[in-house]
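As structure tokens, the structure follows; a few thoughts come after it.
Residues: numbered from 1 along the sequence shown. The figures that follow rest on heavy atoms only: side chains count, while hydrogens, waters and symmetry mates do not.
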Amino acid sequence: MRVFLLALVGVIAALTAATRPLPAAQPQYPQYGATTPEYGGPDVRAALGQIYALTNQARAQAGVAALNWDPALAAAAMQHCRRMAAAGAISHQYRGEPDLTTRAAQAGAHFSLIEENVAMAPSAAAVHQAWMQSPGHRENLLNPEVDHVGIALVYARGALYAVADYSAAAQSLSPAQVEERVVSQVRAGGVSILADPRLARSACASDDDLLQYPVARPAWMIRWQNSDPSRLPRALESVLRSGKYRKAAVGSCPPQEDDPAFTSYRVAVLLY
């Protein structure tokens with residue numbers, strides 16, 4: 001997780017004028033733009049679409065893929081953006097507020113990497129320009145490892161408060177789906193799959209060395225966890241290529257990690 005902070009007290013008017021306004025990008029975002037009871041403010045929803053469009057324009061110019069819109073990330077960003085507008089001074093976390101990973105997970109996002117940019121500026125173009133001119137913000141915005149974004153804006157005190165949450169999205173899979181993905185990869189290595197996954201599931205959930213079991217012990221085993229269960233560890237790929245084993249059991253279990261907000265999957269493969 002990387003987060004960077006930027007407060008803009010004043011931006012040269014010519015900077016904003018020099019950036020050509022872009023039409024609001026699809027999809028529209030009615031719930032992620034808001035105004036306080038002030039008059040004369042910008043069209044916040046159009047400004048949000050402009051920031052999204054400018055973000056993907058900058059990524060295209062940098063040769064990295066466009067970011068997909070993630071409503072869960074946007075909901076988490078909006079929750080924090082309202083806090084920023086209420087506080088006046090911007091921050092990545094206020095007293096009593098969950099951190100970024102927890103906010104995003106509570107909003108329903110699934111991710112293996114998450115980053116955040118925040119700012120306060122007079123216009124959408126100024127927000128984007130400031131992020132591009134700040135090394136940390138620019139790194140987040142152009143990071144080729146992230147593929148989704150959620151953006152939120154609140155207009156208050158004559159300025160736009162902006163939050164952008166970027167993530168490398170991870171799919172939400174059931175244990176059965178995780179096992180199916182691993183099974184397909186293992187089977188492609190020429191190994192048949194045992195019908196009963198119970199021993200593999202038990203091995204997944206424990207730290208016991210099944211190689212020492214007197215009964216039904218595997219000849220080789222491995223446990224791992226990552227955000228993409230179809231990506232096998234290199235050690236397992238190497239063993240499968242050896243052709244030494246003919247049967248396998250695959251089992252999934254809840255991941256073992258310090259921060260459950262990050263989406264990951266734990267798997268055990270036993271070879272016979």
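Side chain of S134 to backbone of A130: no donor-acceptor contact under 3.5 angstrom is found. When atom types are taken as modelled, the side chain of Y161 and the backbone of A152 share no donor-acceptor pair closer than 3.5 angstrom. Formation of a donor-acceptor pair under 3.5 Å by the D147 side chain with backbone atoms of N68 is not found in this model. A side-chain donor-acceptor contact under 3.5 Å links R223 to the backbone of A203. Counting only distance, with no hydrogens or angles, the side chain of S252 and the backbone of A176 share no donor-acceptor pair below 3.5 Å. A side-chain donor-acceptor contact under 3.5 Å links H80 to the backbone of S91.
Under the rule for a side-chain contact (heavy atoms from CB on, under 4.5 Å), the partners of S112 that lie at least two apart in sequence or sit in another chain are A168, S227. Residues that satisfy the disulfide bond (SG atoms under 2.5 Å apart) test with C204, not counting sequence neighbours, are C253. The salt bridge (Lys or Arg N to Asp or Glu O under 4.0 Å) check on R198 picks up D196, with sequence neighbours excluded. Not counting sequence neighbours, the partners of D228 by the side-chain hydrogen bond (donor to acceptor under 3.5 Å, both in side chains) test are S230. Shown here are the salt bridge (Lys or Arg N to Asp or Glu O under 4.0 Å) partners of E97, two or more places apart in sequence or in another chain: R83, R103. Not counting sequence neighbours, the partners of V183 by the side-chain contact (heavy atoms from CB on, under 4.5 Å) test are R187, I193, V250.
With a 4.5 Å cut-off on side-chain heavy atoms, W69 and I151 count as touching. With a 4.5 Å cut-off on side-chain heavy atoms, V186 and Y245 do not count as touching. Contact check for M120 versus R157: no side-chain heavy atoms found under the 4.5 Å cut-off. By the 4.5 Å heavy-atom criterion applied to side chains, N56 and V149 are not counted as neighbours. N140 has its side chain out of reach of E116: every pair of non-hydrogen atoms, C-beta onward, lies at least 4.5 Å apart.
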Distance-only donor-acceptor hits, side chain of residues 58-67, under 3.5 Å, sequence neighbours excluded:
residue: R59; atom: NE; partner: A65; partner atom: O; Å: 2.6
residue: R59; atom: NH1; partner: L141; partner atom: O; Å: 2.8
residue: R59; atom: NH1; partner: N143; partner atom: O; Å: 3.1
residue: R59; atom: NH2; partner: A65; partner atom: O; Å: 2.9
residue: R59; atom: NH2; partner: N143; partner atom: O; Å: 3.3
residue: R59; atom: NH2; partner: V146; partner atom: O; Å: 3.2

Check residues 231-244 and write down every donor-acceptor pair under 3.5 Å in which the side-chain atom is one partner and the other belongs to a residue at least two apart or another chain.
residue: S242; atom: OG; partner: V239; partner atom: O; Å: 2.5
residue: S242; atom: OG; partner: K244; partner atom: N; Å: 3.3

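Note on residues 161-185: pairs passing salt bridge (Lys or Arg N to Asp or Glu O under 4.0 Å), not counting sequence neighbours, are E179-R201.
Using cut-offs of 30° and 60° on the angle between ring planes, the pair H137 and W131 is parallel.
The minimum heavy-atom distance between V182 and P229, with the atom names listed, is CG2-O, 3.3 Å.
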